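Accompanying notes for the structure given below.
Owing to the predicted nature of the structure, the values given are computational and were not obtained by experimental measurement. Chain letters run A, B, ... following the sequence lines, proteins first and then strands; every chain starts at 1.
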Amino acid sequence: MERYEPLKIEQKWQKIWEETKPFKATEETGQPKMMLAEMFPYPSGAGLHVGHVRNFTIVDVLTRFYTQQGLNVLRPFGYDTFGLPAENYAIKTGTAPQEVTKINITNFRKQAKRLGYAIDWGREINTSDPEYYKWTQWCFLQLYKKGLAYQKESYQWWCPEDQTVLANEQVENGKCWRCGHEVEKKKMKQWFFKITEYADELLEEIDNLEWPEKIKTMQKNWIGRSTGAEIDFEVVGGAPRITVFTTRPDTIYGATFLVVAPEYTALDSLLTDDTREKVLDYKATALKKSEIERQENKEKTGVFTGSYAINPATKEKIPIWVADYVLAGYGTGAIMAVPAMDDRDHEFAEKFDLPIVETELCDRDLFGTPKTTYRMRDWLISRQRYWGCPIPIAYDKDGNPHPIPEDQLPVLIPEVDDYKPDNSGRSALAKAKDWLKVTIDGEEMTRETDTLDGYACSSWYLWRYASPHDKDAAWDQDAIKYWEPVDYYCGGDHAVAHLLYIRFWCKFFADEGYLPFREPIKRLLYNGYINAPDGKKMSKSKGNVIDPLDVINDGYGADTLRTYEMFIGPYDQDAAWDPRSVGGVYRFLNRCWTLAFATEYSKEDKTINIRHKTIKKVTEDIHRYNFNTAVAALMEYVNELYKIGATTEDVVILAKLLKPFAPHLTSEMLEKLNTNDEWPKWDEKYLVSDTVEVVVQVNGKLRAKLSINQADLSDEEKITQLALSDEKVKKYTDSGVKKTIFVPKAKILNIVI
RNA sequence: GCUCGGAUGGCGGAACUGGUAUACGCGUUCGACUUAAAAUCGAAUGGGGAAACCCGUGCGGGUUCGAUUCCCGCUCCGAGCACCA
């Protein structure tokens with residue numbers, strides 16, 4: 001008798017799939033289409049980790065499920081390769097990031113193939129490939145042409161360690177998301193994408209998406225729309241008037257002072273000779289103050305500017321203060337303080353002994369003009385780093401920006417000897433002296449040395465999948481129309497950043513006529529993390545990392561690894577790795593193997609009911625993404641087949657239903673049984689049995705069980721009589737029966753005494 | 001502080017619109033096979049009790065014939081946001 005040898009079987013089928021390319025997708029069939037993708041990985045030197053496996057396997061289960069149901073399925077794959085790890089490695093070792101990336105991709109591809117994924121490998125994409133980033137630059141130029149990519153001098157988060165600017169969402173607890181160094185504010189001229197232009201649509205269309213509520217709420221909060229009014233305050237002495245934003249214009253009678261942010265543009269005009277030094281000193285301190293300090297110490301600080309404004313409602317003279325509890329980037333950077341209504345203003349007034357006046361509310365529209373503001377800021381895309389997509393811009397001798405003509409794309413990343421950024425505020429691209437020079441329309445110009453935030457590269461890759469080798473366009477109109485929007489997108493990160501940016505680009509390119517839809521992702525599955533057996537996050541330093549390739553090579557094989565990660569718990573919850581449960585799943589697959597290859601098939605079909613029940617359960621569970629209970633149902637089925645005896649049909653059905661999870665083993669089974677993998681259907685008539693069990697409760701507590709003919713289930717009187725004459729029930733009904741309630745659907749009879 | 005999740009045996013987790021709580025897996029115990037072990041197969045397994053029974057889904061109330069599920073009020077844990085006027 002042969003034993004189940006996963007590694008042997010898996011090698012065999014992976015070779016067959018490599019040669020016959022069964023997962024190659026084309027637009028030419030008449031069946032409905034289905035496109036699925038995971039958030040493409042950053043191919044790190046460490047290779048695949050168990051989190052990737054969970055993410056990719058969810059997509060693979062759905063891919064194979066829908067393929068077996070006859071849909072025309074596309075499941076592509078790609079690599080998000082720009083970024084700091086490859087660049088930092090280059091700085092340390094002198095190895096070009098291009099080289100490291102190539103090695104890492106090769107390793108990633110090899111590992112993904114060992115998991116048996118149903119990927120159309122002909123559609124691989126890589127964001128740092130010039131063939132790809134040529135079109136990232138093209139996308140940039142389209143946004144630039146419409147004024148949605150623009151430059152602005154402003155205070156930005158700066159990481160002194162990585163020597164680069166960071167976007168708001170790349171600052172975590174006041175620290176750089178990559179190196180963990182404390183960030184600071186620095187005034188610089190930077191590139192932005194005007195995502196705020198689409199704030200309303202991004203907000204309003206969230207409700208129509210089949211996305212997890214958690215993500216939808218996070219995006220809504222991130223956009224943070226609030227409605228209020230802008231109110232002008234005249235400044236005594238003729239300085240420019242101050243416009244404030246407030247959500248409570250009706251409280252204006254209680255506004256006893258104004259506060260402007262330290263970065264407020266017209267701050268200088270408010271200062272007097274007496275206050276100038278003190279205020280500028282305060283401003284300098286506030287700007288230096290790290291985000292950490294601000295968070296740990298929310299004690300109000302501030303100084304009087306020396307100027308007064310006139311409250312348009314009370315006509316009173318009120319002082320103008322500067323304080324860092326007012327944020328420059330929100331509203332107008334200035335507020336009217338109503339200490340009687342607002343806790344923060346109250347705290348400030350108490351501390352600095354400013355008047356607190358109780359106020360009657362007035363009409364909201366009396367003194368201001370209605371205004372809507374957003375917490376979301378424009379997307380900062382400049383990075384002073386080498387390993388990114390060069391921004392296709394050049395400057396003339398007066399410093400004015402000009403787009404690089406589209407026929408000169410791609411702007412290739414130049415080769416340099418030293419990848420290290422410096423504190424000049426320019427990337428290592430500035431070291432490529434020859435590359436810097438460019439001629440546009442006969443004029444000598446200097447190239448932009450900033451590169452694009454990696455999120456720009458991932459903001460359109462789902463569309464590249466439709467025509468990955470297109471030389472004439474970023475994406476082919478017909479292919480896009482056929483395959484997209486993406487039906488299922490799966491990942492466990494980037495709830496606001498990437499998933500908001502890709503929606504923004506989609507709306508922009510729809511407006512430009514390049515896309516026939518306004519939302520790129522129909523359904524989003526947001527999977528949980530897999531933690532170490534000790535429940536903690538896996539990390540190299542803690543030494544608790546589980547390597548998926550080790551699990552395979554230890555003899556369990558890819559099918560066990562895949563099936564285990566689907567069985568580990570609900571896909572959207574975090575889970576802890578349990579090495580012993582892996583063994584349990586292996587035993588289950590071993591039993592499947594035994595049923596197919598080492599058991600005499602039963603001639604008598606005693607399992608038809610459970611067979612149909614299992615088909616229904618597994619089908620519905622996969623539709624609901626309840627992968628863990630789908631596997632549990634298959635385990636139950638196998639346990640029953642061991643007890644009762646399996647027919648050939650049972651083993652066929654088992655193999656078909658298990659194939660999305662364990663494709664190698666089941667391909668072997670189906671080959672032996674000489675049958676296809678077409679998804680089976682259940683017949684409702686086999687789901688009902690001749691006799692059913694009716695539960696008898698007394699006051700809601702289970703007291704007896706009756707076996708009733710299916711036909712009698714509608715006869716309430718008969719069932720009630722049977723129940724009341726039951727010995728066990730009689731013990732409780734001596735004192736009389738008040739009423740009985742029979743629920744046929746639940747097959748339950750409750751006797752109330 | 002605000003928003004959103006979550007709490008079920010020794011452990012991970014089931015229970016679809018209120019209807020037999022603990023499916024499935026792990027662990028544990030016993031048995032079969034074996035010279036022995038592993039592997040495999042079978043049985044038992046929420047707590048208390050000799051039993052009849054009683055108690056059990058974080059805590060306290062409520063609605064209901066019936067609540068893990070719905071409502072009100074808490075506690076604890078996790079995630080995200082965080083001086084957004």
- Query: By side-chain contact (heavy atoms from CB on, under 4.5 Å), which residues pair with A:Lys371, not counting sequence neighbours?
  - Reply: A:Glu230, A:Phe245, A:Thr373
- A:Tyr526 OH to B:C4 P, in whole Å, measures 18 Å
- Query: Any chance NZ of A:Lys747 has more than 12 other-residue heavy atoms, nucleotides or ligands included, within less than 6.0 Å?
  - Reply: no
- Query: Can you tell which of B:U20, B:A85, B:G80 lies closest to the side chain of A:Ile748?
  - Reply: B:U20
- Compare the minimum distances between each of B:G25, B:A85, B:G19 and the side chain of A:Ala746, then state the nucleotide with the smallest one. B:G19
- Calculate the interatomic distance between A:Ile708 atom CD1 and B:U20 atom C1'; express it in whole Å. 15 Å
- Message: Looking at A:Lys220 and B:U3, is any side-chain donor or acceptor paired with a base atom of the opposite kind under 3.5 Å?
- Response: no
- Message: Once side-chain contact (heavy atoms from CB on, under 4.5 Å) is applied, do any residues pair with A:Thr196, and if so which ones, sequence neighbours excluded?
- Response: A:Lys194, A:Asp378
- Grab the CG-C1' distance between A:Asp493 and B:A79 for me, whole Å please. 12 Å
- Note on the structure: Taking pairs as Watson-Crick (N1-N3 plus N6-O4 or O6-N4) or G-U wobble (N1-O2 and O6-N3), each distance under 3.5 Å, the stems of three or more consecutive pairs with RNA chain B are B:1-7 with B:75-81, B:10-12 with B:24-26, B:27-32 with B:40-45, B:46-48 with B:53-55, B:58-62 with B:70-74
- Message: Output the rounded distance in Å from CD1 (A:Ile223) to C1' (B:G80).
- Response: 15 Å
- Message: Can you classify the ring geometry of A:Tyr686 versus A:His612 as parallel (below 30°), tilted (30 to 60°) or perpendicular (above 60°)?
- Response: tilted
- Give the ring-plane orientation class for A:Trp321 versus A:Phe304, where under 30° counts as parallel, over 60° as perpendicular and anything between as tilted. tilted
- Message: What is the distance, to the nearest angstrom, from the NZ atom on A:Lys705 to the C1' atom on B:G19?
- Response: 14 Å
- Relative to the ring of A:His494, is the ring of A:His498 parallel (under 30°), tilted (30 to 60°) or perpendicular (over 60°)? perpendicular
- Task: Report the residues that fulfil side-chain contact (heavy atoms from CB on, under 4.5 Å) with A:Asp572, sequence neighbours left out, ordered by chain and then residue number.
- Result: A:Pro570
- Sequence neighbours excluded - salt bridge (charged side-chain N to carboxylate O under 4.0 Å, His left out) pairs with any residue from residues 559-569 of chain A: A:Asp60-A:Arg562
- Query: Of all the nucleotides listed (B:C24, B:U3, B:A85), which has the minimum atom distance to the side chain of A:Met635?
  - Reply: B:C24
- Message: Checking contacts here: which listed nucleotide (B:A85, B:U20, B:U3) is nearest the side-chain heavy atoms of A:Tyr330?
- Response: B:A85
- Note on the structure: Protein-proximity profile, nucleotides 45-55 of chain B, B/S/- by nucleotide at the 4.0 Å heavy-atom cutoff, equals -------SSSS
Restricting both atoms to N or O, compile the protein contacts to nucleotides 64-68 of chain B shorter than 3.5 Å, with distance only.
from, atom 1, to, atom 2, distance (Å)
B:C65, O2', A:Asn750, ND2, 3.1
B:C65, O2, A:Asn750, ND2, 2.6

- Task: Identify, between A:Gly583 and A:Ser226, the residue whose nearest nucleotide on RNA chain B lies closer to the 5' end.
- Result: A:Gly583
- Item | All side-chain contact (heavy atoms from CB on, under 4.5 Å) counterparts of A:Asp232, not counting sequence neighbours | A:Arg241, A:Thr243
- Item | Set of ring-ring contact (aromatic ring centres under 6.0 Å, His included) partners for A:Phe627, sequence neighbours left out | none
- Message: Strictly under 4.0 angstrom, non-hydrogen atoms only: write out the protein contact profile of nucleotides 12-17 of chain B, one letter per nucleotide from the 5' end, B, S or -.
- Response: BSS--B
- Query: Taking everything shown except A:Lys728 itself, do over 12 heavy atoms lie less than 6.0 Å from its NZ?
  - Reply: no
- Task: Tell me what A:Thr740 touches on the nucleic acid: a base, only sugar-phosphate, or nothing, going by heavy atoms under 4.0 Å.
- Result: nothing
- Candidates B:A23, B:C81, B:C83 - which lies nearest the side chain of A:Glu636: B:A23
- Query: For A:Phe257 and B:A85, what is the distance between atoms CZ and P respectively, to the nearest whole Å?
  - Reply: 17 Å
- Restricting to pairs with a member in residues 327-341 of chain A, which pass salt bridge (charged side-chain N to carboxylate O under 4.0 Å, His left out), not counting sequence neighbours? none
Show the distances under 3.5 angstrom between N or O atoms of the protein and N or O atoms of nucleotides 37-42 of chain B.
from, atom 1, to, atom 2, distance (Å)
B:C41, OP1, A:Arg591, NH1, 2.7

